[in-house]
Number of protein chains: 2
Amino acid sequence: MPTDTFYNLNEQKQQRIFDAAIQEFSKRRFSEASINQIVKAAGISRGSFYQYFKDKGDLYLYILQEIGNEKRKVMKQVKALHPNADFFTFYLQYIKVAMEWISTNPAYHEIGMLMEFDDPQLMKELMHRSDDLTDIRELLELDQRRGLIKEELDTGLLLEMIYQLSLHLVKKFYQTGSTEEFVKKHHELILILKDGIVNKSERS
Amino acid sequence: MPTDTFYNLNEQKQQRIFDAAIQEFSKRRFSEASINQIVKAAGISRGSFYQYFKDKGDLYLYILQEIGNEKRKVMKQVKALHPNADFFTFYLQYIKVAMEWISTNPAYHEIGMLMEFDDPQLMKELMHRSDDLTDIRELLELDQRRGLIKEELDTGLLLEMIYQLSLHLVKKFYQTGSTEEFVKKHHELILILKDGIVNKSERS
DNA sequence: TTGTCATATGACAGGGTTGTCATTTTGGGT
DNA sequence: ACCCAAAATGACAACCCTGTCATATGACAA
């Protein structure tokens, strides 16, 4: 919720401020980001900043919202392209598109990563992730009704597992930067989730 | 690597400093922890601190090392008690003991949690976790050789998955504090990992 | 031209941090 | 009782941050 004053600014200036914020928030996590750096990069005075935003958190929420809007736009397209896919198909597609989007917006991605390393309570208030997962949850439940997934399993837990594992792989990718490895691991991961790790032929 | 001066201190004083450090590092993550707070709590002067430790990181490494020693001691006992257990049995036992240890040392646990929310690169240099996982990795590989686990699976990935999922549950436990839920989820998680999520009776 | 209102500015106060260093204290050995 | 090295001290410099506020600027209207 920036002030009216901010929205009255010409687009160029708004963009300059947005870019400066992206730059800073992709370098340092929220709690360590410096307004000083942002105003310097944006070429505005410290005083002006406080005329546009209540404080650092206000700006942060603003850029998260903007990023979220862009992301949602991209993701809706995937959903439209695969209307009847089962969970596994959709998931791999989703991952693929997400990776492409990430590689065109590395800074956005860095911000997301840094959020993982900041005060969870602070970050929780930003609820950013629930949106992402809604589609996947629905698909899981649909597949369960379809009889593709064991009905006794708690989709909530499945969702948590998938999210966590995926997040872990994204983090690793972020550090090593190897896309092949990333995709390969995702496939292996899905295989394990699908069929388990126990060797049936030796069992009982 | 504290200085000789530090080790020359009587045990009481060393302990006071250790306790003060634990207190601070369990409240704020490393990058936000304040030496001022630590010296105040330990009842020593700021100057003395720098006579004992090179800097904040030096102290941090010291306490991590101390905690690691204690933890390793506890864990070795579990291993000795279940010499021939398969992975699943050992894992649940391991989790149980780890939880007990955690509940008697909440502050240590908090420090571990906060580490998850600090600069990964900084934290990586502390390699703390590889130790923990060695036992589990060996057990996984043994079970694979025994024919209990599908031989085509990459134990490295399995280990990653298990570690990440477990860490996630620990984090949740840390926030909600519900032990029952924690144990229950762990059991469900293992079931999924063992047999997968696909409904076989409907398949192919 | 002058008035006025939105906007821009940066100095400032108040708070925090780290690492150093000249000085004082302490306590063991003689 | 004295000496001296080791240890303790806290004031200090240097740096960082945030949020405010009196003042300056600029643009548009009358």
Side-chain angles (χ1 to χ4, degrees), chain A residues 1-63 114 117-119 122-123 125, chain B residues 1-63 114 117-119 122-123 125:
Chain A
M1 27 186 91
T3 62
D4 291 341
T5 312
F6 175 76
Y7 286 114
N8 290 341
L9 261 38
N10 63 63
E11 275 200 31
Q12 280 199 9
K13 198 162 190 177
Q14 288 189 30
Q15 190 65 40
R16 246 192 306 141
I17 294 169
F18 179 81
D19 291 344
I22 294 292
Q23 203 180 30
E24 179 67 6
F25 285 126
S26 65
K27 270 212 208 79
R28 307 154 128 78
R29 58 161 146 265
F30 174 75
S31 49
E32 279 169 356
S34 156
I35 295 178
N36 281 347
Q37 298 306 317
I38 294 172
V39 298
K40 191 160 54 170
I44 62 173
S45 73
R46 189 166 183 72
S48 289
F49 177 87
Y50 285 97
Q51 211 124 22
Y52 305 150
F53 302 96
K54 198 179 143 285
D55 53 23
K56 191 166 59 167
D58 199 23
L59 170 61
Y60 195 59
L61 254 74
Y62 169 68
I63 68 156
L114 291 178
F117 299 112
D118 216 314
D119 180 16
L122 178 78
M123 291 304 138
E125 294 164 13
Chain B
M1 25 188 91
T3 63
D4 290 342
T5 313
F6 175 76
Y7 286 115
N8 290 341
L9 261 36
N10 63 63
E11 276 201 29
Q12 279 199 7
K13 197 163 191 176
Q14 288 189 30
Q15 190 64 41
R16 247 191 305 140
I17 294 168
F18 179 82
D19 290 344
I22 294 292
Q23 204 179 31
E24 179 67 7
F25 286 127
S26 65
K27 270 210 206 81
R28 308 152 125 79
R29 59 163 148 262
F30 175 74
S31 49
E32 278 169 355
S34 157
I35 296 178
N36 282 348
Q37 297 306 315
I38 294 172
V39 298
K40 191 160 53 168
I44 63 174
S45 72
R46 189 166 181 71
S48 290
F49 177 87
Y50 284 97
Q51 210 126 20
Y52 305 150
F53 302 96
K54 197 179 142 283
D55 53 24
K56 192 167 61 166
D58 198 24
L59 170 62
Y60 195 60
L61 254 74
Y62 169 68
I63 68 156
L114 290 179
F117 299 111
D118 216 313
D119 180 16
L122 178 77
M123 291 304 138
E125 293 165 13

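Reminder, nothing fancy here: chain letters follow the sequence lines and each chain counts from 1.
Residue contacts for B/E32: at a heavy-atom cut-off of 4.0 Å it reaches no nucleic acid atom on any strand shown. Contacts of B/N8 with the nucleic acid, taken as non-hydrogen atoms under 4.0 Å apart, involve only primed sugar atoms and P, OP1 or OP2.
Using modelled atom types, one finds a donor on one side chain and an acceptor on the other under 3.5 Å when comparing A/D19 with A/Q15.
Between B/M1 and B/D58 there is a side-chain heavy-atom pair separated by less than 4.5 Å. Side-chain contact check for A/N10 versus A/K13: some heavy-atom pair is nearer than 4.5 Å. When side chains are defined from C-beta on, A/L114 does not count as touching A/F25, because their heavy atoms never get closer than 4.5 Å. Looking at heavy atoms from C-beta onward, B/N36 lies in side-chain contact with B/R46 at the 4.5 angstrom threshold. Looking at B/S31 and A/R29, their side chains come closer than 4.5 Å, going by heavy atoms from C-beta outward. Inter-residue side-chain proximity for B/Q14 and B/F6 is flagged as met; some heavy-atom pair is nearer than 4.5 Å.
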Check: Could you write nucleotides 22-30 of chain C as a row of B, S and -, 5' to 3', where a protein heavy atom under 4.0 Å of any base atom gives B, of only sugar-phosphate atoms gives S, and otherwise -?
Finding: ---------
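On the nucleic acid side, DNA chain D has its first and last nucleotide under 4.0 Å of a heavy atom of chain A at D/dC17 to D/dT20, going 5' to 3'.
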Checklist line | Evaluation steps, side chain to side chain donor-acceptor pair (under 3.5 Å), between B/Q51 and B/T3 | finding: CA-CA 7 Å; B/Q51 210 126 20; B/T3 63; over 6 Å; no
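Judged purely by atom type and a 3.5 angstrom limit, A/S26 uses its side chain to pair as donor or acceptor with the backbone of A/I22.
Of the residues in residues 41-57 of chain B, B/R46, B/Y50, B/D55 come within less than 4.0 Å of DNA chain C through at least one heavy atom, sorted by number.
A rotation axis mapping the C1' atoms of four pairs onto the next four is fitted at both ends of the helix from C/dT1-D/dA30 to C/dT30-D/dA1 over five pairs, and the angle between these axes is 30° to 10 degrees.
Residues forming a ring pair (Phe, Tyr, Trp, His ring centres under 6.0 Å) with A/F49 (at least two apart in sequence, or on another chain): A/F53. Taking A/R28 as the reference, A/E24 meet the side chain to side chain donor-acceptor pair (under 3.5 Å) condition, with sequence neighbours excluded.
The ring of A/Y52 has its center no closer than 6.0 angstrom to the ring center of A/Y7.
Classification of the B/F30-B/Y60 ring pair by plane angle, with boundaries at 30° and 60°, yields tilted.
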